[in-house]
Colleague: 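Sending over a structure as structure tokens; questions will come in a sec.
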Amino acid sequence: MKDVEALAQKITRLGSQIHHWNKLSQDELGLSFFQFHLLSTLRKKPGLSLQKLAQNCSIHPSTLTQSLKPLLKRKLVGMNPHPRDSRSKILFLTEAGHESLMHFRRNFATLEINITHEKA
Amino acid sequence: MKSILGPTGRNLIRSLAYTRTLFAFDFDGTLAPIVAVPDRARIRSATLNLLNELNSRKDLAIISGRSIADLKNRMGLEPRYVIGNHGLEGLPKSRFDLAEAQMTCEHWSQTIERRLENPKEPGLWVEHKRYSLAIHYRHCKNKKKVRAGVLSCVESLAPKPRIIPGKDVINVIPKEAPHKGFALQALMKEGKYEYALFVGDDDTDEDVFSLMDESILSIRIGKTLKSNAQYYLKDQSEINAFLKLLLENKA
């Protein structure tokens, strides 16, 4: 029982830490780590459907829809009809999305130091 | 299936500027128009200029049913990869036994020539491409009847070949040979490409289209519901517009 409580405490702390890191990267680099992962996946595989992107990122499609909204609003990601399935959409990286991705990559090192510092 | 020259296709092509992409094309009916005599097939000069421009900026692959020797004579460009005989010739690190394929094709060729000899149908001819065969009937009078006869002939060959009907041609290929889809994926792996684009027009190109690989953008020349390709170009004459679209990408 004690082990379960300890595990629950660790998971809660980890969740909070992840939330903190995502907020930090969002504030300083304009993208959360999760958003970076989405953009990065779309850079490698342009034209993925929502369902396929969710699969590639190991998340539920409904979670993805919520996470995509700000990226679509900021025009970092574009969305068009699927070529073979009229009920579906495909996603692709825009020029602004690519610039955002590059900015994150270039400046990530400083953030990493901060994260290491936060952990300590 | 949507036109690659439409808004969705254009957006997708633009986003290829950010990924390491291999640009792969079939030859006949794709880069070169289909002609009455296959030996006269050439890439038109305007297409060739665009291709050479693309070749200077990006990695290109030509994946064709022709033999590599034949392709090199008629292409007019030097792409990074040239794959012949529907995917089985020129593949880096391939374990496929080419010598055995050659022997099998020689045996098939003799059998086919003997069987189709009497009575010989005017306009019917067998193209021996070293590792595969193509039986052409474009110039035969009763194409339907000739095609049925050729199919019945090649279906009884030993060892059993892979038979792929094309445009007025029946392709006869060693059964275990790597196909165009396999070849494209092998090139992607070899060159560490994240993504590939493939344009083709024929049934043998369905080996790429039917992979349904999310890292491959598939485009068919000619719209048909039977195809597994994602996008289409209306006909071969749209290839120049498509190449121009690719060249708009500066990255």
Side-chain angles (χ1 to χ4, degrees), chain A residues 29-31 35-61 64 68 71-108, chain B residues 1-23 58 185 188-189 191-199 206 209-234 242 245-246 248-251:
Chain A
L29 302 179
L31 292 174
Q35 287 173 331
F36 173 81
H37 183 45
L38 289 181
L39 294 186
S40 201
T41 305
L42 283 178
R43 185 196 66 75
K44 280 187 248 172
K45 294 180 179 178
L48 282 179
S49 66
L50 281 161
Q51 289 78 3
K52 289 278 179 191
L53 179 60
Q55 271 176 25
N56 272 265
C57 295
S58 312
I59 55 163
H60 195 272
L64 176 66
L68 270 176
L71 298 177
L72 287 163
K73 200 175 169 189
R74 289 165 65 194
K75 296 192 171 146
L76 303 183
V77 168
M79 187 157 74
N80 275 148
H82 194 284
R84 299 189 65 94
D85 179 1
S86 56
R87 296 160 302 174
S88 189
K89 303 272 186 197
I90 61 155
L91 301 155
F92 54 88
L93 197 64
T94 62
E95 194 176 346
H98 182 247
E99 277 168 16
S100 200
L101 204 56
M102 291 299 105
H103 174 74
F104 193 102
R105 272 184 201 281
R106 276 194 300 270
N107 298 290
F108 169 68
Chain B
M1 215 177 182
K2 287 191 181 296
S3 168
I4 193 68
L5 300 176
T8 303
R10 284 177 182 273
N11 282 331
L12 203 48
I13 294 295
R14 264 181 224 121
S15 69
L16 296 188
Y18 319 126
T19 181
R20 186 168 152 69
T21 304
L22 177 64
F23 296 82
K58 303 284 181 187
Q185 287 181 321
M188 287 172 73
K189 197 174 168 191
K192 297 187 173 66
Y193 297 98
E194 294 168 313
Y195 200 76
L197 166 157
F198 178 78
V199 193
E206 290 296 327
F209 305 150
S210 59
L211 290 173
M212 305 286 193
D213 185 332
E214 55 197 34
S215 297
I216 298 174
L217 173 61
S218 56
I219 302 154
R220 192 183 194 280
I221 305 272
K223 186 181 180 183
T224 166
L225 291 173
K226 286 187 294 180
S227 177
N228 282 309
Q230 299 159 296
Y231 294 87
Y232 71 88
L233 286 169
K234 207 167 59 190
F242 177 65
L245 179 63
L246 293 180
E248 281 174 18
N249 276 350
K250 297 291 175 212

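Letters go in sequence order (proteins before strands), and every chain restarts at 1.
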Colleague: Among B/L217, B/L16, B/T21, exactly one meets side-chain contact (heavy atoms from CB on, under 4.5 Å) together with A/P46. Which residue is that?
Modeller: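 For A/P46, the side-chain contact (heavy atoms from CB on, under 4.5 Å) test succeeds with only one of B/L217, B/L16, B/T21, which is B/L16.
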Colleague: Would you say A/R84's side chain and B/A229's backbone share a donor-acceptor pair under 3.5 angstrom?
Modeller: yes
Colleague: What part of B/S218 lies closer than 4.5 angstrom to a heavy atom of chain A: side chain, backbone, both or neither?
Modeller: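 No part of B/S218 comes within 4.5 Å of chain A.
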Colleague: So which residue, B/Q230, B/E214, B/M1, ends up with the most heavy-atom pairs under 4.5 Å with chain A?
Modeller: B/E214
Colleague: Within this structure, what is the NZ-CE distance for the pair A/K52 and B/M212, rounded to the nearest 0.5 Å?
Modeller: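 The CE atom of B/M212 is 9.5 Å from NZ of A/K52, to the nearest 0.5 Å.
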Colleague: Can you tell me how far OH of B/Y195 sits from NZ of A/K44, rounded to the nearest 0.5 angstrom?
Modeller: 14.0 Å
Colleague: Look at A/N56, A/L101, A/L42 and state which one has the largest set of heavy-atom pairs under 4.5 Å with chain B.
Modeller: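 Highest number of pairs under 4.5 Å: A/N56.
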Colleague: Quick check for you: to the nearest 0.5 Å, what is the distance between B/T8 atom OG1 and A/I90 atom CD1?
Modeller: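 Answer for the OG1-CD1 pair, B/T8 versus A/I90, is 5.5 Å.
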Colleague: Enter the distance from B/N11:CG to A/M79:CE here, rounded to the nearest 0.5 Å.
Modeller: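 Separation between the atoms: 12.5 Å.
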Colleague: Given heavy-atom pairs under 4.5 angstrom as the criterion, report whether the side chain, backbone, both or neither of A/L48 touches chain B.
Modeller: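 Looking at A/L48, just its side chain touches chain B.
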Colleague: Does atom CD (A/E95) have a neighbourhood of more than 12 heavy atoms from anything else shown, all under 6.0 Å?
Modeller: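 12 or below, so no.
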Colleague: Any salt bridge between A/R43 and B/E194, counting N to O under 4.0 Å?
Modeller: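 B/E194 and A/R43: salt-bridged.
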Colleague: Among A/G47, A/G78, A/S49, A/P81, single out the residue with the greatest number of heavy-atom pairs under 4.5 Å to chain B.
Modeller: A/P81
